[in-house]
Amino acid sequence: MHGKAEQSSTLRYEANTAIDDNDFHCTHTETETNPWWRLDMMDLQIIQEVIITNRMDCCFEQINGAEIRIGNSLENNGNNNPIIPAGASYSYSCPDMVGRYVNVVIPQETRFLALCEVEVYGSLPGNSL
């Protein structure tokens with residue numbers, strides 16, 4: 001699923017790098033408190049699955065403690081939406097969560113967030129996959 005990606009800050013690659021169908025380059029925020037990345041799918045979606053590809057070259061633990069949040073609110077940059085706990089590179093089942101925004105955030109810590117690829121699978125309400 002495509003859309004527009006944003007992140008809290010940029011150290012190296014822009015936020016859209018995580019949705020370019022290429023996990024060779026990774027997004028990377030500055031070191032900051034509560035770093036986040038967000039996908040705006042531009043319309044309400046019924047989300048079934050989110051797949052996050054972490055860095056493969058080093059630093060696998062960097063995504064530990066991250067949360068995936070799905071919803072319609074941009075309050076607190078979307079980081080108040082309903083949560084799915086995240087960890088290493090993995091596929092996360094989202095039992096029909098509905099929302100326009102998918103956020104990945106590392107809450108209550110000062111560090112950076114790096115994501116190589118984020119894939120979101122779902123459908124528009126009223127449509128089948």
Apply side chain to side chain contact (heavy atoms under 4.5 Å, CB included) to residues Met41 and Val120 and explain how you reach the verdict.
CA-CA 9 Å; Met41 296 176 288; Val120 178; 3.8 Å; yes
Worked verdict on Cys94 versus Glu49 for side chain to side chain contact (heavy atoms under 4.5 Å, CB included)
CA-CA 5 Å; Cys94 313; Glu49 182 179 29; 5.6 Å; no
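The two residues Arg38 and Tyr101 come nearest to each other via the heavy atoms CD-CD2, 3.7 Å. Residues Gln48 and Ile46 approach most closely at NE2-CG2, 3.6 Å, considering heavy atoms. Closest approach of Ala5 to Asn16, counting heavy atoms only: N-OD1, 3.1 Å. Scanning both residues, Ile63 and Arg111, for their nearest heavy atoms gives C-NH2, 3.9 Å. Nearest heavy-atom pair across Thr29 and Pro35 is OG1-CB, 3.6 Å. In plain terms, the two heavy atoms of Gly71 and Pro82 that are nearest each other are CA-CD, 4.4 Å.
Counting only heavy atoms from C-beta outward, the side chains of Asn72 and Leu44 approach each other to under 4.5 Å. Contact of the Arg69 side chain with the Val102 side chain is not registered, since no non-hydrogen atoms from C-beta on lie closer than 4.5 Å.
Checking Thr17, Thr53, Ile52 one by one against Glu117, the side chain to side chain contact (heavy atoms under 4.5 Å, CB included) holds for a single residue, Thr53.
The closest donor-acceptor contact from the side chain of Asp40 to the backbone of Met42 lies under 3.5 Å. The backbone N or O of Arg12 lies less than 3.5 Å from no partner atom in the side chain of Thr10, so there is not a single donor-acceptor pair. Looking at Trp37, its side chain never comes within 3.5 Å of a backbone N or O of Leu113 through a donor-acceptor pair.
For the residue pair Ser123 / Gln45, no side-chain donor-acceptor distance below 3.5 Å is found, with atom types taken as modelled. A donor atom on one side chain and an acceptor atom on the other are found under 3.5 Å apart for Glu32 and Ser8.
Put simply, SG on Cys116 and CG on Asn54 are 6.5 Å apart, with the number rounded to the nearest 0.5 Å. In this structure, the separation between CD1 on Ile68 and CG on Asn81 is 13.0 Å, given to the nearest 0.5 Å. Rounding to the nearest 0.5 angstrom, the gap separating the CG atom in Leu11 from the CD atom in Glu30 is 5.0 Å. Between the CD atom in Gln7 and the OG1 atom in Thr27 there is a gap of 5.0 Å [rounded to 0.5 Å]. Residue Ile106 holds its CD1 atom at 11.0 Å from CG of Asn79, rounded to the nearest 0.5 Å. Note that CD1 of Ile51 is 10.5 Å distant from OG of Ser93, once rounded to the nearest 0.5 Å.
At a threshold of 4.0 Å, the pair Asp43-Arg100 does not count as salt-bridged, since none of the basic side-chain nitrogens sits closer than that to a carboxylate oxygen.
No continuous path of ILVMFWY side-chain contacts below 4.5 Å connects Val98 to Leu74, so the two sit in separate hydrophobic clusters. Ile70 and Val105 are members of different hydrophobic clusters when ILVMFWY side chains are connected at heavy-atom separations under 4.5 Å. Val104 is connected to Tyr92 through a chain of hydrophobic side-chain contacts under 4.5 Å among Ile, Leu, Val, Met, Phe, Trp and Tyr, so both are in one cluster.
In summary, the aromatic rings of Phe112 and His28 are positioned with their centroids under 6.0 Å apart.
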